[in-house]
There are 4 protein chains.
Amino acid sequence: MAPIVTEEHKENRRKKILESALVCFSEKGFEAATIDDIVALSGISKGSIYNYFKTKDDIYVQLMNEYTHLNFEHFKKSFRDLASVKEKIHYLFDLYKNAGGKEKAKHLLLVHGEFFLSSSRKEENHTLVLERYRNVYKRFLIDLLESGKNTGEISNTVNSDIAASFFWTMIDGICLDHAVLGANYPFSGVFEKAEEVFFQMIQ
Amino acid sequence: MAPIVTEEHKENRRKKILESALVCFSEKGFEAATIDDIVALSGISKGSIYNYFKTKDDIYVQLMNEYTHLNFEHFKKSFRDLASVKEKIHYLFDLYKNAGGKEKAKHLLLVHGEFFLSSSRKEENHTLVLERYRNVYKRFLIDLLESGKNTGEISNTVNSDIAASFFWTMIDGICLDHAVLGANYPFSGVFEKAEEVFFQMIQ
Amino acid sequence: MAPIVTEEHKENRRKKILESALVCFSEKGFEAATIDDIVALSGISKGSIYNYFKTKDDIYVQLMNEYTHLNFEHFKKSFRDLASVKEKIHYLFDLYKNAGGKEKAKHLLLVHGEFFLSSSRKEENHTLVLERYRNVYKRFLIDLLESGKNTGEISNTVNSDIAASFFWTMIDGICLDHAVLGANYPFSGVFEKAEEVFFQMIQ
Amino acid sequence: MAPIVTEEHKENRRKKILESALVCFSEKGFEAATIDDIVALSGISKGSIYNYFKTKDDIYVQLMNEYTHLNFEHFKKSFRDLASVKEKIHYLFDLYKNAGGKEKAKHLLLVHGEFFLSSSRKEENHTLVLERYRNVYKRFLIDLLESGKNTGEISNTVNSDIAASFFWTMIDGICLDHAVLGANYPFSGVFEKAEEVFFQMIQ
DNA sequence: GATGAATGAGGCTTCATTCAT
DNA sequence: AATGAATGAAGCCTCATTCAT
């Protein structure tokens, strides 16, 4: 007898749970959000959720991994159409600038931010955050900058390590301030300054 | 009959509770930290804590207010000995740069960060955060920049509002990344870049 | 997927909780009785109790509603076999007279009494008590008296409203005094007097 | 050295505590009312209250005793001016009828009612209630009725014991229903009926 | 006697997780 | 695989009572 439940169906349910968790964690914070909240939003039963995820923490971790992964997949795909390194960097800025208005992006930011912050208190998550920072976020930028040096678009005197860190610090800082402060924060103005400043720095 | 316990004694106990709370919130996060943790660390009984603070949330809020207040009192006092606006700004950078190594500063950062982040989900705290951002943090920087314009130290073309926001976004971003990423983050290097960049921006 | 547990099973557990609560509230009073008492008596876990009832107050309210409802259902069913209004009224007196000896009736009385009394301090419960008094207890008696007037069994000069109130005041007063004073109260004697007096009043 | 604090002053403070307790117990119920409520209302410090009363229960008991005592003192004093037994009984009815509108009387009623009810669960208080019922309330009525028999005002066939119990049951029932049901209860009408009925019974 | 800060046991409720069906 | 009832540990907070001054 063929399996009644296809792999695809299972993956859809898994995704549905993660999506719902994202909204719940964003709205209430990880600790305050309950499994029942996720049940209510996803329409998937509690027992079922525990078939897909071992613990509430597990949902958190998989959620973070999933979206980081999707994020960079998206970056890489979009980069295929962009010729120069500068264009790519402009594209990154644009991406985050445009995300500023989207609801889902705000959810992701808050949850990412909380995960990042709280990771310093949980060995397991901390390892994950560090690993991701080094091998994904920073690596991505460093590779970009180094390739820019090779093409001559970026000055060889630039310290890629510091510039990469600086880039993400600014992006994170701006997005977070925007997510929390909302209209009280001159999002566009600061973002433009940041872009301007960053290009000065690397040329 | 006069009160048996001096105001000073009471203030000391209040401080002791806040200090203990800071450590507990920093180590476990606000939600995960328990009143019993604070009891254990402070040596003050549960009932007594509730004589000084109405709720766990109240401790959180007073803690945040207290340190913001102390912070800016400190800024203002130190500024008396500094003649130029540039010196003052350099002093601010130095202050945060030096705080990077201190244990208590790291605690404060994590707790402030979490408060800031979580405030977007709690109307009451959000109001407080917004008010503090506008009337304390940003106001402080704007006043500084404006007085710099008057003395000619700072270019009149600078948009104080955006520059002030940019300043705090960088400070917050750097300190947070440093607190979480630790040795994986080139703290000093990024900080120097930030200072350099900021002075370029305002001249 | 169909529910695993039958509605009947759930209703049984709900009933079990209410029954246990009745005993606990009766023995210690509502405030002094604890959820743990109910857990101990019912053998149902604390968490489960909160699956069936929102709060301790909710148990109280549902308990009161349940028994009032059962009470009047019982009245109405028994009345089918009774031809005259007088017989019905005699039946009511008998019912309460006989309840005097039963343990469960005593429990109910004390708990009802306490609920009634305390309701004046809780808007929500007060509304419920008033509504029940007007639309159930008093309505029942008034309807009875009015139908008696139609059949000529009861004098048309009787003020049904006052007679109905008088009826319940006597019943309540007697039952309460009996429940509290026990052997020190001439229950049967007073009850007979009350019945005698009431029939004089309505003829 | 003469005592700084006179006996009178002490007695005044004791009274003040009892008065405040009456209001607090009436407004919140005995269990829900706190010592701090009494402190707030009386303006007397917590430590001081415990100088005058051993426990919260002690306040309750003394309060009940005090007012029962005052009550009957008042009865007896007023009776001096009344010649016939019937007048005295009418006077009693009038007293309770008039009390219906007074705030303090309502407080007393609710608190007495709760004490009465709850006494069945506390051996110590129960003894007190029984004793008071037998030796004060009922005794008072029985003596009245018996003296009425002697003067010929009251029929010798009346069972004083039952009539006395009936009297208090009606009074209690009416006052309680009135206190709780308020405007929904035809207080005056029922009271008049009760008086009418009682005089029929004893003649 | 008077004061009110300090104490800590104990109450109500929540919620992650398990497990029988 | 799916369901949701059941569990009980653990958290926040209250409050009667004590006691140092």
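Since we're looking at a predicted model, the values are computed, not measured. Below, chains carry the letters A, B, ... as their sequence lines are ordered, and counting in each starts from 1.
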Think [X] has a side-chain N or O under 4.0 angstrom from the OP1 or OP2 of [N]?
X	N	result
C:R13	F:dG4	no
B:R14	E:dA5	no
B:Y52	E:dA5	no

So that I know where these two stand, are D:F25 and D:Y60 an aromatic pair - ring centroids less than 6.0 Å apart?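 Ring centres of D:Y60 and D:F25 closer than 6.0 Å.
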
Rounded distance in Å - [atom1] ([X]) to [atom2] ([N]):
X	N	atom1	atom2	value
D:N12	E:dG1	CG	C1'	16 Å
B:F53	E:dA6	CZ	C1'	15 Å
C:I49	F:dT7	CD1	P	10 Å
C:E8	F:dA5	CD	C1'	16 Å
B:I17	E:dA5	CD1	C1'	11 Å
B:E11	E:dA5	CD	P	14 Å
B:I38	E:dT7	CD1	P	15 Å
C:K28	E:dG10	NZ	P	11 Å

Nearest 0.5 Å please: distance from the [atom1] atom of [X] over to the [atom2] atom of [Y].
X	Y	atom1	atom2	value
B:S119	B:H126	OG	NE2	5.0 Å
D:H112	C:L117	NE2	CG	12.5 Å
D:L22	D:I59	CG	CD1	12.0 Å
A:F53	A:L63	CZ	CG	8.5 Å

Distance only, no hydrogens: is a donor on one side chain within 3.5 Å (strictly under) of an acceptor on the other, for A:D37 and A:T34?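 Yes, side-chain donor-acceptor contact under 3.5 Å.
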
Determine the stems involving DNA chain F; a stem requires 3 or more consecutive pairs of the Watson-Crick or G-U wobble kind, each with both distances below 3.5 Å, and the answer is none if no such run exists. E:2-21 with F:2-21

Is there a side-chain contact between A:E7 and A:K10 (heavy atoms, below 4.5 Å)?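 Counting from C-beta outward, A:E7 and A:K10 do come under 4.5 Å.
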
Readout for nucleotides 14-19 of chain F: B = base within 4.0 Å of protein heavy atom, S = sugar-phosphate only, - = neither; 5' to 3' it is BBSBB-

Answer yes or no: does atom NZ of A:K106 have more than 12 heavy-atom neighbours from other residues, nucleotides or ligands under 6.0 Å? no

One pair to check against side chain to side chain donor-acceptor pair (under 3.5 Å): D:T55 and D:D58. What are the steps and the verdict? CA-CA 5 Å; D:T55 63; D:D58 189 27; 5.5 Å; no

